[in-house]
Amino acid sequence: MLSEPRSGRLAAWGNALLAGFVSPDDAVLAIVGEDALHRVEGLPGETGPVGLTLALGRLRALGVAGLRVALPAPGHPLGLSGPPDFNARALEAEEAVVCHGAALGLVPEVYEAGPAGDVHVEVVWHCLPVREAPPADVPSLGEAERELAEALRDATEVLSRLDVAGSGPVAEAAMDAYRARAERGREVLAPGYPPRAVRVLELAQRVGLLISVAYENGHGGAVSASEMSARAEALRPVERTARRAQVAAYNAFVEERERGAR
């Protein structure tokens, strides 16, 4: 939850490019981030993998007007609409991008090589056919914001009682890392996104921090089996809510353009 999904970067900056808010070079630079290289394989009309600049241009020529994010988990096909083959690939990757305007989707496959601290990362996006249907279980921005606030309040109360989310070197390091990220650049979404989407994504990231700290901070005070079970039960719906909010934030660009076109 703490790391920004690659599908989020591709959708956000791809949307900004499709709408004319950024240049191709700026979009590709933001999408690739700290990775070494991104390519797209399986694009209609292409016989092999192509670079992101060519791929995004080809998608526009194929009628793609926007990009949505899917962040599925077992039992929760969040943002997906089928068919089963695409859903299975997306579930394995735990993320995907679904095109709006053409029945295509993109699933990342990540390749890593090199020693710790000097890992070379390449990403291949597999372009596959999708079913043109409403995405599963994606809330509106307003719903996502309300759900997040409630989930954060409830989870904080339970986790504080179990003494698993508050202190310790791991928790403090995670908080320091989050603050450092918050002070850098701070462009959590690409140009063109509504302010509410930015606010919802920031809140989802803070909730994700809480979840990560709770899982990574050892057992804390939750030493009994029943307390550990209570912690897991408290975190599960919060994690689901945070993923739904992330998808709502990334997809807000397309949703707003659709409403404006009606």
Side-chain angles (χ1 to χ4, degrees), residues 3-33 35 38-40 43-44 50-72 78-81 86 90 93 95-108 123 125-128 130 132-136 138-142 144-145 185-205 243-262:
S3 60
E4 182 182 23
R6 289 181 173 90
S7 57
R9 293 205 306 268
L10 176 57
W13 289 90
N15 283 330
L17 174 62
L18 290 170
F21 286 106
V22 297
S23 70
D25 287 346
D26 287 343
V28 169
L29 187 64
I31 293 167
V32 173
D35 298 335
H38 282 221
R39 294 171 294 165
V40 180
L43 268 174
V50 300
L52 276 178
T53 302
L54 177 58
L56 290 168
R58 177 57 56 85
L59 289 174
R60 186 204 300 269
L62 290 168
V64 174
L67 301 169
R68 290 188 172 103
V69 169
L71 297 177
L78 175 62
L80 298 175
S81 57
F86 181 81
E95 61 177 313
V97 171
V98 179
C99 298
H100 172 63
L104 297 170
L106 302 160
V107 179
V123 179
W125 293 90
H126 296 280
C127 186
L128 302 163
V130 299
E132 292 186 286
V138 179
S140 69
L141 278 175
E145 196 167 30
R186 283 278 21 193
E187 196 158 26
V188 296
L189 282 171
Y193 271 83
R196 191 173 202 177
V198 177
R199 189 166 68 244
V200 168
L201 185 57
E202 287 177 331
L203 182 56
Q205 289 172 341
R243 280 191 300 109
R244 293 181 78 234
Q246 273 192 311
V247 172
Y250 285 121
N251 294 2
F253 194 98
V254 174
E255 307 306 332
E256 285 218 339
R257 290 175 70 86
E258 277 193 310
R259 281 197 298 270
R262 290 171 189 159

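In this pair, Phe253 and Phe21 present their aromatic rings perpendicular. The plane angle is above 60°, beyond the 30 to 60° band.
Applying the salt bridge (charged side-chain N to carboxylate O under 4.0 Å, His left out) rule to pairs touching residues 16-32 yields nothing, sequence neighbours excluded.
Every residue meeting the side-chain contact (heavy atoms from CB on, under 4.5 Å) condition with Ala252, not counting sequence neighbours, appears here in chain and number order: Leu141, Pro194, Ala197. Under the rule for a ring pair (Phe, Tyr, Trp, His ring centres under 6.0 Å), Phe86 has no partner lying at least two apart in sequence or in another chain. Not counting sequence neighbours, the partners of Arg6 by the salt bridge (charged side-chain N to carboxylate O under 4.0 Å, His left out) test are Asp35. With sequence neighbours excluded, no residue forms a side chain to side chain donor-acceptor pair (under 3.5 Å) with His100. Every side chain to side chain donor-acceptor pair (under 3.5 Å) that Ser140 has, sequence neighbours left out, goes to Glu143. The side-chain contact (heavy atoms from CB on, under 4.5 Å) check on Leu54 picks up Glu46, Val50, with sequence neighbours excluded. With sequence neighbours excluded, the residues forming a side-chain contact (heavy atoms from CB on, under 4.5 Å) with Arg60 are Leu17, Leu18, listed by chain and number. Every residue meeting the side-chain contact (heavy atoms from CB on, under 4.5 Å) condition with Ala136, not counting sequence neighbours, appears here in chain and number order: Pro77. Residues satisfying the side chain to side chain donor-acceptor pair (under 3.5 Å) criterion with Asn251, sequence neighbours excluded, are absent altogether.
Considering Val130, Leu59, Val98 as possible partners of Leu106, the one that fulfils the side chain to side chain contact (heavy atoms under 4.5 Å, CB included) test is Leu59.
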